[in-house]
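These numbers come from a predicted model, not from an experiment.
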Amino acid sequence: MRGVRRPYGEANARVAAAILNDGEVRRGLREKGIVIADDVWFLGALHDTTTDEVKIFDAEEAPCSIDKRSTN
């Protein structure tokens, strides 16, 4: 999109989280011996090392059972 500047890596972080939260992907990983606990939810994030700021994406999409206090 012209005029909208997104930090490099934002899309990668969001896609990685979406893939790792997918039930089919988790089942496939489990079959290969990689078990991700059911109560684990991945969130994409970026760390700006020049300001030490961390931006967490899509925290509102996490299941209600996930403690979201540390994502603000």
Side-chain angles (χ1 to χ4, degrees):
M1 289 189 279
R2 187 179 279 182
V4 175
R5 187 164 184 252
R6 295 186 183 251
Y8 294 109
E10 178 180 337
N12 293 339
R14 284 182 152 151
V15 169
I19 289 169
L20 291 167
N21 289 328
D22 183 80
E24 296 272 329
V25 170
R26 287 186 180 213
R27 279 187 285 285
L29 289 171
R30 189 175 298 119
E31 290 172 6
K32 295 181 182 288
I34 301 169
V35 179
I36 300 171
D38 291 337
D39 63 346
V40 171
W41 188 262
F42 292 90
L43 295 172
L46 283 179
H47 178 215
D48 183 334
T49 57
T50 59
T51 63
D52 207 27
E53 179 180 90
V54 176
K55 174 133 174 93
I56 299 173
F57 305 111
D58 308 317
E60 67 281 354
E61 294 181 20
C64 293
S65 60
I66 303 296
D67 184 355
K68 299 174 190 171
R69 288 176 294 179
S70 62
T71 62
N72 295 327

K.L.:
Would you find a donor on one side and an acceptor on the other, under 3.5 Å apart, between the side chain of Asp22 and the backbone of Val25?
P.N.:
yes
K.L.:
Would you call Glu10-Arg14 a salt bridge at under 4.0 Å N-O?
P.N.:
yes
K.L.:
Drop me the distance from Leu20's CG to Arg26's CZ, to the nearest 0.5 angstrom.
P.N.:
7.5 Å
K.L.:
Show the nearest heavy-atom pair for residues Leu43 and Phe57, with the distance to one decimal.
P.N.:
CD2-O, 3.9 Å
K.L.:
Could you state whether Ile19 and Ile34 fall into the same hydrophobic cluster, counting links through intermediate Ile, Leu, Val, Met, Phe, Trp or Tyr residues with side-chain heavy atoms under 4.5 angstrom apart?
P.N.:
yes
K.L.:
Kindly indicate whether the side chain of Leu29, heavy atoms from C-beta on, has any atom under 4.5 Å from the side chain of Ile36.
P.N.:
yes
K.L.:
Measure from the side-chain N and O atoms of Asn21 to the backbone N and O of Trp41, and report whether any donor-acceptor pair falls under 3.5 Å.
P.N.:
no
K.L.:
Using the test side chain to side chain donor-acceptor pair (under 3.5 Å), find all partners of Asn12 that sit at least two apart in sequence or belong to another chain.
P.N.:
none
K.L.:
Search all heavy atoms of Gly44 against all heavy atoms of Ala17 and return the closest pair with its distance.
P.N.:
N-CB, 3.5 Å
K.L.:
For Asp38 and Arg30, work out which heavy atoms get closest and say how close.
P.N.:
OD1-NH2, 3.9 Å
K.L.:
Are Lys55 and Asp48 close enough for a salt bridge, meaning some N to O gap below 4.0 Å?
P.N.:
no
K.L.:
Would you name the heavy atoms of Val54 and His47 that are closest together and state the gap between them?
P.N.:
CG2-CD2, 3.8 Å
